[in-house]
Amino acid sequence: MTRFFSRRLDATVLFAAVLLLGAPQDAATQEASDETAVAAVVAGFHSALNEGRADDALALLADDAVILEGGGQETKAEYASHHLEADIAFATAVDRVRGDLTVVVQGDVAWAMSTSRTTGEVRGREIDSRGGELMVLSRTPDGWIIRSISWS
């Protein structure tokens with residue numbers, strides 16, 4: 001009977017160890033998957049701007065999104081009617097090289113940070129500038145969505 005109990009205890013300990021050791025790997029895998037998904041949304045937003053696809057860019061913004069740029073603040077609706085067209089014109093006219101993208105995920109909220117260098121010519125004016133970007137995203141049942149963008 002002791003031998004049976006010992007084997008059963010060994011199996012229970014092994015099972016518990018597998019669960020404990022497996023959990024961090026699952027969490028790490030989920031975190032990496034979330035980071036990849038967030039980075040894809042950020043890249044998708046910039047691709048939409050660069051390719052002049054306004055509707056696709058707007059689809060990645062939450063209805064209550066806030067865009068901060070140049071000392072101003074716009075809602076999604078204001079951005080769509082005022083600034084989006086200018087951002088698309090600018091993005092299609094210049095070359096933008098983004099530095100490393102850093103993504104941090106905390107539960108159902110994520111933020112993505114990067115810097116960039118933009119060069120080119122817009123309306124006869126030479127552009128050579130550095131910028132910073134911070135996007136805040138949240139997880140929805142349909143995936144990650146941009147809640148706020150801050151450009152400097």
Side-chain angles (χ1 to χ4, degrees), residues 13-152:
V13 169
L14 178 61
F15 180 72
V18 167
L19 285 177
L20 289 174
L21 292 175
Q25 291 174 340
D26 290 341
T29 300
Q30 180 63 47
E31 184 177 322
S33 174
D34 286 341
E35 289 173 2
T36 300
V38 167
V41 171
V42 172
F45 182 81
H46 285 290
S47 290
L49 291 181
N50 293 337
E51 296 167 12
R53 296 180 286 112
D55 290 341
D56 292 341
L58 290 172
L60 296 172
L61 295 175
D63 289 339
D64 62 350
V66 175
I67 295 87
L68 303 169
E69 180 179 19
Q73 176 177 318
E74 293 180 318
T75 65
K76 178 181 179 177
E78 290 168 336
Y79 180 68
S81 65
H82 299 139
H83 209 157
L84 177 59
E85 188 176 311
D87 281 354
I88 288 174
F90 186 82
T92 57
V94 298
D95 292 320
R96 178 177 175 260
V97 178
R98 185 178 70 193
D100 291 339
L101 178 68
T102 301
V103 175
V104 178
V105 177
Q106 292 287 318
D108 290 337
V109 177
W111 52 98
M113 304 156 285
S114 64
T115 58
S116 62
R117 181 167 184 196
T118 304
T119 57
E121 185 178 319
V122 176
R123 288 177 261 159
R125 188 173 135 229
E126 285 295 318
I127 304 293
D128 186 356
S129 65
R130 296 187 182 276
E133 176 180 272
L134 171 64
M135 288 194 187
V136 178
L137 298 88
S138 67
R139 185 193 321 267
T140 71
D142 297 324
W144 291 93
I145 193 160
I146 301 167
R147 295 285 177 179
S148 182
I149 303 173
S150 179
W151 285 309
S152 63

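Nothing fancy with the numbering, it's 1 onward along the sequence.
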Query raised in the report: Going through the checks in order, is the side-chain contact (heavy atoms from CB on, under 4.5 Å) test met by M135 and V41?
Result: CA-CA 10 Å; M135 288 194 187; V41 171; over 6 Å; no
Where do [X] and [Y] come nearest, in terms of heavy atoms and distance?
{"X": "A57", "Y": "A48", "value": "N-CB, 3.5 Å"}
{"X": "A37", "Y": "W144", "value": "CB-CD1, 3.7 Å"}
{"X": "I88", "Y": "G52", "value": "CG2-CA, 3.5 Å"}
{"X": "E74", "Y": "Y79", "value": "OE1-CD1, 3.4 Å"}
{"X": "K76", "Y": "L61", "value": "NZ-O, 2.9 Å"}
{"X": "A59", "Y": "I145", "value": "O-CD1, 4.4 Å"}

Measure the [atom1]-[atom2] distance between [X] and [Y] for me, rounded to the nearest 0.5 Å.
{"X": "H83", "Y": "E78", "atom1": "NE2", "atom2": "CD", "value": "12.5 Å"}
{"X": "L58", "Y": "F45", "atom1": "CG", "atom2": "CZ", "value": "7.5 Å"}
{"X": "D87", "Y": "H46", "atom1": "CG", "atom2": "NE2", "value": "10.0 Å"}
{"X": "S148", "Y": "I67", "atom1": "OG", "atom2": "CD1", "value": "7.5 Å"}
{"X": "F90", "Y": "I127", "atom1": "CZ", "atom2": "CD1", "value": "5.0 Å"}

Query raised in the report: Is the side chain of T36 donor-acceptor paired with the backbone N or O of A32 at a distance under 3.5 Å, no angle test?
Result: yes
**Report entry** N/O donor-acceptor pair under 3.5 Å between R147 side chain and A62 backbone
**Finding:** no
**Report entry** Flag side-chain contact, heavy atom, 4.5 Å: R96 against N50
**Finding:** no
Query raised in the report: Under 4.5 Å between any side-chain heavy atoms of T115 and R130, yes or no?
Result: no
Give a yes or no on this: more than 12 heavy atoms of other residues, nucleotides or ligands lie within 6.0 Å of atom [atom1] of [X].
{"X": "D128", "atom1": "CG", "answer": "yes"}
{"X": "D64", "atom1": "CG", "answer": "yes"}
{"X": "E85", "atom1": "CD", "answer": "no"}

Query raised in the report: So, are R117 and D95 salt-bridged, with charged N and O less than 4.0 Å apart?
Result: no
Requested in this report: Check the pair V42 / R98 against side-chain contact (heavy atoms from CB on, under 4.5 Å), numbers first and verdict last.
Outcome: CA-CA 12 Å; V42 172; R98 185 178 70 193; 3.7 Å; yes
**Report entry** Those residues that, when tested against E51, pass side-chain hydrogen bond (donor to acceptor under 3.5 Å, both in side chains) (two or more places apart)
**Finding:** R53
Requested in this report: Verify side-chain contact (heavy atoms from CB on, under 4.5 Å) between L134 and L68, making sure each step is shown before the conclusion.
Outcome: CA-CA 10 Å; L134 171 64; L68 303 169; over 6 Å; no
Requested in this report: For L49 and L84, run side-chain contact (heavy atoms from CB on, under 4.5 Å): C-alpha distance rounded to whole Å, both residues' side-chain angles, the deciding distance at 0.1 Å, then the answer.
Outcome: CA-CA 8 Å; L49 291 181; L84 177 59; 3.5 Å; yes
